[in-house]
Amino acid sequence: MTVLYFAQARRVAGRAEETIAADAPLTVDQLWAELLNRHPDLAALRATSRLACNQQFAQTDTLIHPGDEVAIIPPVSGG
Amino acid sequence: MTVLYFAQARRVAGRAEETIAADAPLTVDQLWAELLNRHPDLAALRATSRLACNQQFAQTDTLIHPGDEVAIIPPVSGG
Amino acid sequence: MTAMDIAIRISPDVIAPPAPVASAQTGAVATFLGTIRASENGESIRGLSYEAYQPMAESVMRDILTALAAPHPCQSVLVQHRTGPVLVGETAIYIEVHAAHRAEAFALLAGFMDRLKQDVPIWKTDVIA
Amino acid sequence: MTAMDIAIRISPDVIAPPAPVASAQTGAVATFLGTIRASENGESIRGLSYEAYQPMAESVMRDILTALAAPHPCQSVLVQHRTGPVLVGETAIYIEVHAAHRAEAFALLAGFMDRLKQDVPIWKTDVIA
């Protein structure tokens, strides 16, 4: 799966994108655990950030499949 | 005093303007009585129309003085 | 708080406002165009004719805007309203509000239109068939 | 009821919309420009930089507009949002709503801006000092 980082998340992760190899679907919590393992500083953003899967906000029970496009969405501020 | 007629009031009165001679101030009711005397068909508009004196909506107790500009304001429909 | 700048034009001239230009203090510009539709009360029309008691219309608009600016402080407002014949597709009224924030601009704009339709001496007098 | 026409443009291009052109069915056109102010959180700035997750921003905007169109049916809506640097006085977002009546246009416009600021993945990422 591809993970996209935006705004503060991009700065904290130090990258805009990365690929995570997964054989099986991950829950949102499992994916966050993997991301925090790679980028511990993301912990500060977790409470306020949402996760999108294939350009839709993920729900608590969303399963993320290999090949999905995931994005970390910090609080938005458009307009 | 000058009386201005707008929209339906202008049509019913058959004129845009007329002058009413008055030696003393008139109440709103007295002025309406005079106008209805001159243009009985205005009666149909009285319930829905407001009267303005010197470009402000008249109150029940407004006194209209000789020299004032009065206007009959049927329901408005701008915009 | 500086007073709101108010400009009002009631005239038979076609309304063709240029794009709004924001100042360095403006964060929100809200505009409204009231345009003539091809049907009025189910009937097909070519236009509408407007009549105004011009000096009173201007002074009532100014009173309404000043009253609305107290709860909804804005920086400037421009109102243009046509008189005489206005054809389908043309703009009968144009309002442009500049404010620091959008909530005030929206509230002033919507509140002004509501009050206009109650208290400003302007009338649709004729249908142009 | 015909479906509402939705156009969305998220791009670094300067926003300079021409004056709205009403159709014969349009009675109300409401627009909103969000422009950059010279101060942000009390600090003097020259501009702001925006970042968008573009495909998702477009699809969330479309979902929001479609949801709002059910209670507030409108004819068309155009949304333009800039990305990258936007200087003071420039327009970061432009929205233009066409409707038969003003209440629907105002409700869609204000409702969209509220939802945009909650759910559309666009960010002010940098202050241009």
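By convention in this document, chain letters (A, B, ...) are assigned in the order of the sequence lines, proteins followed by strands, and residues within each chain are numbered from 1. Model, not experiment: these values are computed from the prediction.
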Hey, which of E69(A), Q56(A), Q55(A), R50(A) has the most heavy atom pairs under 4.5 Å with chain D? Q55(A)

Among G79(A), P75(A), A52(A), residue most engaged with chain D (heavy-atom pairs, under 4.5 Å):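 Option with the greatest count: G79(A).
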
Non-hydrogen contacts under 4.5 angstrom with chain A: give the residues of residues 41-49 of chain D involved, or none if there are none.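 Checking residues 41-49 of chain D against chain A gives no residue, so none.
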
For the atom pair CD1 (I73(A)) and OH (Y53(D)), what is the distance rounded to the nearest 0.5 Å?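 These two atoms lie 6.5 Å from each other.
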
Part of [X] within contact of chain A (heavy atom distance under 4.5 Å):
{"X": "I93(D)", "result": "side chain"}
{"X": "Y50(D)", "result": "side chain"}
{"X": "T125(D)", "result": "both"}
{"X": "A52(D)", "result": "backbone"}

Closest non-hydrogen contact found for W123(D) with Q8(A) is CD1-OE1, 4.4 Å

Would you name the heavy atoms of L116(D) and V76(A) that are closest together and state the gap between them?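 In terms of heavy atoms, the two residues are closest at O-CG2, 3.8 Å.
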
Heavy-atom neighbours of R38(A) CZ exceed 12 at 6.0 Å: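 Yes.
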
Among the options P55(D), A57(D), A92(D), G34(D), pick out the one with the most heavy-atom pairs lying under 4.5 Å from chain A.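 Heavy-atom pair counts peak at P55(D).
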
Do S77(A) side-chain atoms and K124(D) backbone N/O form a donor-acceptor pair below 3.5 Å? yes

